[in-house]
Structure formats: structure tokens, C-alpha cells
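Notes for the one structure printed next.
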Amino acid sequence: MNITKTLAEELNIRPEQAEAAVKLIDEGNTIPFIARYRKEATGSLNDEVLRLLDERLRYLRNLDEKKQQVLATIREQGSLTAELEKQIMEAATLVAVDDLYRPYRPKRRTRATVAKERGLAPLAAAIREQKITEPLEVIAASYVDQEKEVASVQEAIDGAGDILAEQISDAAVFRTYIREAMQKLGTLHSQAKDASVASPYEKYYDYEEPVRRVAGHRVLALNRGEKEKILTVSIEAPEEQILRYLEKKIILNTNPYTTPVLKSVIEDSYYRLIAPSVEREVRSAMTESAEDGAIRVFGKNLVQLLLQPPIVGQVILGWDPAFRTGCKLAVVDPTGKVLDTTVIYPTAPQNKVEESKKVLKKLIEKYHVTVISLGNGTASRESEQIIVELLKEIPQKVSYVIVNEAGASVYSASKLATEEFPNFDVGQRSAASIARRLQDPLAELVKIDPKSIGVGQYQHDMNQKKLDETLQGVVEDSVNKVGVDLNTASASLLSYISGINKTIAKNIVAYREENGVFTDRRSLKKVPKLGPKAYEQCAGFLRVRDGSNPLDMTSVHPESYKATEALLKSLGYETEDVRKGLGNIRRQVKDKKKTAEELGIGIETLTDILKELEKPGRDPREEMPKPVLRTDVMELKDLKPGMILKGTVRNVIDFGAFVDIGVHQDGLVHISQICDRYISHPLDAVSVGDIVQVKVLSVDPVKKKISLTMKLDTDVEQKQK
């Protein structure tokens, strides 16, 4: 198999791009490094394509290895033919290889094995040839042998049938046809084990849908309902079509003595041996496809969440709401340092509202708090009411934001949180995390297992290894896209930087604490275990602000410093001029191709250098929509159909998007209500963190369900403006 050619065809890229990417991956380069600093080699393949290429590269190499193992095994058995070898080498999937290997795979003891041991293989072969000219019972009589435990003519015929049934079941061409027929023409059914029991799966108590049309989120929901023993799920295959196909392929002569037996054998083979295993395979493929789709959605949501813009230069009060145990508060300064923590009891059962307000007023005045970051957990609604009352009573201009606190409790009880805040209890750590995730979402959220962040669907029901690998890649790409400050980044943040593992990240922090701040990138080479390769991979993503070399504060890689300095000199600038940003430098380079050749670099690298010199150390998150700051509160009962509100997209799933409109219950915008044009997935139109205008369609206070639409009437929309 020409893996490079296959990758190029699958990903719709040029063969030389695939070849370069594979070579760079094999040399130990990370995906973020290749995407950012090896654009000339790969033709500017982005991190998303490179990750897919890396995944498919591993699969295809695994497939190649499997083929060699299968060929070796069949060759040892003396059964390998040129035709079979060709079929195995041309197989495009592991399933296809398994189908071809099936007849030669060592089997456990089966009915067919027993029949062969009893000497019935020649009888089976005679039936399969369909050339018998006398009643089958006459021929089978010679196989009756008490010593071999063949007691009667019928037992001999049945044993021969078992051999034939297994042969039919093992035929790759038959299994391929049946699998495709089940996928294209089968119907997925689900029934309730007890229809009188209420459950979240009631819509699936009597459900059927063509296999080819079942949406991924329904597959995962059905799997969960089946796992919880609430549903029974099955596939109804086009049995008549399949049986007629098998008969046509197997019964080549109309023989009155063998045809009835072969028809019976075909049915036995299909119902007993083929259908159960192929149904499992089809459902497994449906699950894998659904999981891949859900993982992709989770990844895209996670990217948007991680790249939420930080609220810079603000003193933030983090509020972890609760009832009985009180609301935990933490004040953090603009750098994320915790200035103060305390607990107040404004909620039931204590209801110490006025006393709590006094504490809050003192904190706001003492530390000049400008924003309150309120977690959306238990008692959040009651806490918000108190915050709104407080803001009306104080002279300072303070706003508040409802923050998704998913994962805060997981972080606060983690080993990492204990190391970071050894003298804090879990509530204080949680409040600090809630404040920091508003201040710098990326830096804080990397401390939490991505699965606990709350922007996916059915994440606990899917392949955890694959989910973890994908989400770790998403976090890695996001961190490297933004870059980190070498002198302030935590070990957990540094560990996601290209080329840096957890050990090296801890060593960087330890070196910083022992020797003081890094004054340049070159000092990284003194960090224990950070060798030349790791330095090459990480240097461009680590920023040194106010260091000895102005280029260290940019994403320009040290390998391009000489070219950058030569470029600056040719345009009449000093390297020091970079600190203030060179806003129009791109316009001064009239001929990029000629300039790149003179500098000995590629055009893509030159373009990136110029872009960075215009705004050194720029944060790509600045382009994202800012969080909605609130000063007043709404409740579910305040909502009326037709109201138009501004909200933040909190989660995007296969069938729609959940939007926070400030009432502590996210509303659902169904995929059909997102826009007027057809979209195959909500992510085609919206992303987590988007600020959107929505209209209320309906409100169910009992079930706490809000139905929204983003299709705003033109006249109403104009009035709102």
C-alpha cells in the first residue's frame, strides 16, 4: 500500500504535502510546530488537517501491519493463493482484512469442527458440488458410524450442513454484501422493556428508523438506554433479499436432492452465524461513526471555549454559590493572584443577606473589584438576586458575569489544586478558579480534564482513549495558537506547549523560581531535560516580555531571527523598534517573493514574520466575542413568547445549540431554527461563545424548558435596533 498516496487522496491534498507531513511527524515534530513553522514544507497544512493526517497515518500503518500478520499466518498454513494475497493487499479497511482472514483464523470448537472430526467433510463437499444423482439419504448412509458418533443418516446430513453453514458464514464476499445491505436497507428498532416506567428514553419506547438515516446523537442515546436496561435495540435486515442473494450465489444447479438441503443450510448459516455477528458489526460501525461525530463536535466546542477572550486588567471577585455551606468568595488581582477569600451565608437556611452585603461592599471597596464572576451551580439564582440588589446600593461601577462552573469542583479537589493552594479548602479553590476562568479562560481551563468542562454530549459513553487523545490535541493546538508567557505560565499550561512534557514543564517553573525570571528564550537551554529538539519545538510558542531581545516577545521562531533582523535593517528599522509594533510594515515590502529569496526564507514564513512585527505578541483571542456583562436579573417567569434577547452560546450539539439568556436555564435553538438556509450541523452557523440575538418561542416553567429561535422577523429586528 502506498500510504502517502492514500493520505493525499483521502485528505484531498497533494502527494508532496502528505509526504512532507509524514516525514516531519516521523522526525518527532509536533503538530503545532509543523502547522506554524514548517508551512513551506507542507504547503501550509493547518493543525486540523495535520491531526487528521496523523490519525489516518497511524490507522493505515496498523492496517499494513495487520495485512502482513494475516499473510504470514495463512502462508504458514499452506493456504495462501495469489488471488487471496491480492485481495488482502488491496483491502482498504481492517474489517475487510478480517473478513478475508476469517476462514483461516484458528477457531474454538464449533458444530462444524465436530462434524469434520466425524469425517463428514466429503459429504458436505458433495452437497456443495450439487452433482448428486441419487437421493442424499443413500449417499449419507455410508457415513453412519457409531464409533464416530454419527448415529443416523439424518445426523450425517445435519453434520454436513453444519460444515457448509460455517463455510458460507466465512465467505468474505457474502459478509460484505450482507453488511452493506443491512447498512443501506436495514431498519433500527427499539422497544421499552417496560413501557410503564418513566425515563429520559420515552421517545425511543417504540421507535424505528432506517439505519442509513439514524443521526449520531440518537445512536448514542439508544446505546445508553440499552446499557441502562431500559431499551432493547435491534436491526431488522432485508432478510428476503439477503436469502435470495445467497441462494443465487450458492445454488448453481436445480438439483432435487441437494437444493432443499442447501436452502435449509443457507437459512441456518444466515440466522445462526451471519446475522448476529454482522448486526453487531453494523451497530459497532454506527457507534464508531456517532462517536467520531460527537468527538468532533466536542473538539470544536472546546476550541471556542478555550479561546474565549480574557478580561484583562480587572480585579475579579469569584463567587461559588451554595446553600447550607455558604457561598465561597475569592478576590483575584489582574495577574490571577488571590488577594482574599471568605465565606458568606446569604442563602437558605441562614439567609444572612444584609450581613453578606456588608462583607461584599468591604471587599469591593478594599480591592477595587470591577467584575463579579458568578458560578452557575446550586444557589446561583438566589446569589444573582443578591448581587443585583447590591450593585444598585453601591457607588462603584461593578458588573457581573454568569460563568459555567463545570469542572470547578473537579479541579478544586485535584492534586494540582492542592499544590497550587495548599492552605485553601475546596470551596476557596473553586471560587478562585471561577474568578480566574473569566480572567483567562485558557490558562485556567487547561487545569481541568476536558471531559469535565461540559461542552459535549454523551462523552462518558464513547471510546475514552480516542476522546482523550482528540481533546488533548485540541487543548494543545489552542494553547500553542495563543502562546504563553514564559515567566508567568503555570506548569499545567506549559505542559501543553509543543515539545514540553509535564516533567520539563515542572523543571521550567522550578528553574524560574530558583533563578528568577527568564530574560531571553536562550536561557531555556539551561533547564534540565530540555534538549535541542524540545527547544526547537517550544521556543516560538513561549513569550518573554520585556526581555533582552524584543523578538522573544513575538511568535517569530529563533531560527528566523537572523532573517528578521536583516529584514528590519533593509527597511530602516532597529530590532528595538519591534517593542512598540510596526503597524504598516507589510505595505513596505513590495515584492514578497524577491524579499523572501534574499532573506533565504519561504514566502509563508516571511508573511508570518511581517504579521507578527506589526503587532508583536498579539492575542488571537481578541477577535472572539467578549462575555456579556450584566447588571440586572431576569427570571423564567419574566420570559414571554416573542421577546428578543441577547445571549451566549454555551453548548452546540448535533440537533441544536443551547443559549444562555440570563435566566439560569439555557434555552434550546433547534437546528431548524438557527438560520433560513439549510445547514447539515449547527456548527455550520454557530459556535460556543458566540453572542447571538434570539426570540423566545415558548416557555415551559414546569419542565424548565425554553424554546428559542435565531430566525428573527425583519420588522421586529429593525425595531430592536
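Note that this is a predicted model, so its numbers are computed, not measured.
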Using a 6.0 Å cut-off, check whether atom [atom1] of [X] has over 12 heavy atoms from anything other than its own residue.
X      : atom1 : value
Lys39  : NZ    : yes
Asn12  : CG    : no
Lys533 : NZ    : yes
Glu288 : CD    : no
Gln130 : CD    : yes
Lys107 : NZ    : yes

**Criterion salt bridge (Lys or Arg N to Asp or Glu O under 4.0 Å) on Arg36 and Asp47, from CA distance to verdict** = CA-CA 8 Å; Arg36 180 67 179 79; Asp47 48 20; over 6 Å; no

Side chains of [X] and [Y] only: does a donor on one sit below 3.5 Å from an acceptor on the other?
X      : Y      : answer
Thr287 : Ser284 : no
Ser495 : Asn501 : no
Ser269 : Glu166 : no
Glu239 : Tyr270 : no

Within the side chain of [X], is there an N or O that forms a donor-acceptor pair under 3.5 Å with the backbone of [Y]?
X      : Y      : value
Thr4   : Ala18  : no
Tyr204 : Ala192 : no
Ser687 : Leu683 : no
Lys67  : Ala91  : yes
Asp684 : His681 : yes
Arg175 : Asp170 : no

**Prompt:** Between Arg109 and Glu117, is a salt bridge (Lys or Arg N to Asp or Glu O under 4.0 Å) present by the stated rule, with each step listed?
**Reply:** CA-CA 11 Å; Arg109 193 172 167 79; Glu117 290 170 355; 2.7 Å; yes

**Request:** Take Ile295 and Lys466 through the side-chain contact (heavy atoms from CB on, under 4.5 Å) test and state the conclusion after the steps.
**Result:** CA-CA 8 Å; Ile295 289 172; Lys466 192 168 187 178; 4.1 Å; yes

**Request:** Check the pair Ile274, Ile168 against side-chain contact (heavy atoms from CB on, under 4.5 Å), reporting the backbone distance first and the verdict last.
**Result:** CA-CA 9 Å; Ile274 303 175; Ile168 293 168; 4.2 Å; yes

**Request:** Please round to the nearest 0.5 Å and tell me the distance separating atom CE of Met286 and atom CD1 of Ile235.
**Result:**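 It is 5.5 Å, given to the nearest 0.5 Å.
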
Closest heavy-atom contact between [X] and [Y]?
X      : Y      : result
Tyr205 : Ser199 : OH-OG, 2.8 Å
Ala160 : Ile127 : CB-CD1, 3.9 Å
Leu445 : Ile453 : O-CD1, 4.0 Å
Ala165 : Val265 : N-CG1, 3.6 Å
Leu45  : Ala21  : CD1-CB, 4.4 Å
Ser492 : Lys447 : OG-CG, 3.4 Å

**Message:** Under the side chain to side chain contact (heavy atoms under 4.5 Å, CB included) test against Arg128, which residue among Ile163, Leu164, Leu123, Thr258 passes?
**Reply:**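 That would be Leu164; it is the only one of Ile163, Leu164, Leu123, Thr258 passing the side chain to side chain contact (heavy atoms under 4.5 Å, CB included) with Arg128.
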
**Verdict with reasoning, Arg56 to Glu10, per salt bridge (Lys or Arg N to Asp or Glu O under 4.0 Å)** = CA-CA 9 Å; Arg56 289 297 297 159; Glu10 286 185 4; 2.7 Å; yes

**Prompt:** Going by an N to O cut-off under 4.0 Å, is there a salt bridge joining Asp162 and Arg118?
**Reply:**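 Not counted as a salt bridge, because no side-chain N and carboxylate O are separated by less than 4.0 Å.
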
**Request:** Evaluate the ring planes of Phe658 and Phe655, with Trp represented by its six-membered ring, and classify them as parallel (under 30°), tilted (30 to 60°) or perpendicular (over 60°).
**Result:**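 Rings of Phe658 and Phe655: perpendicular, over 60°.
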
**Prompt:** Can you say whether the rings of Tyr177 and Tyr245 are parallel (under 30°), tilted (30 to 60°) or perpendicular (over 60°)?
**Reply:**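 Rings of Tyr177 and Tyr245: parallel, as their planes differ by under 30°.
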
**Prompt:** Should Leu100 and Gln87 be marked as a side-chain contact (heavy atoms from CB on, under 4.5 Å) after you check the CA-CA gap, both sets of side-chain angles, and the distance that decides it?
**Reply:** CA-CA 8 Å; Leu100 292 164; Gln87 288 177 329; 3.7 Å; yes

**Message:** Among Glu476, Gln472, Lys502, exactly one meets side-chain hydrogen bond (donor to acceptor under 3.5 Å, both in side chains) together with Tyr496. Which residue is that?
**Reply:**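 Testing each of Glu476, Gln472, Lys502 against Tyr496, the sole residue satisfying side-chain hydrogen bond (donor to acceptor under 3.5 Å, both in side chains) is Gln472.
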
**Request:** Begin from the C-alpha positions of Ile250 and Ile266 and carry the test side-chain contact (heavy atoms from CB on, under 4.5 Å) through to its verdict.
**Result:** CA-CA 9 Å; Ile250 294 165; Ile266 287 167; 3.9 Å; yes

**Prompt:** Run the side-chain hydrogen bond (donor to acceptor under 3.5 Å, both in side chains) check on Gln464 and Asp468 step by step: do they pass?
**Reply:** CA-CA 6 Å; Gln464 294 301 296; Asp468 285 340; over 6 Å; no

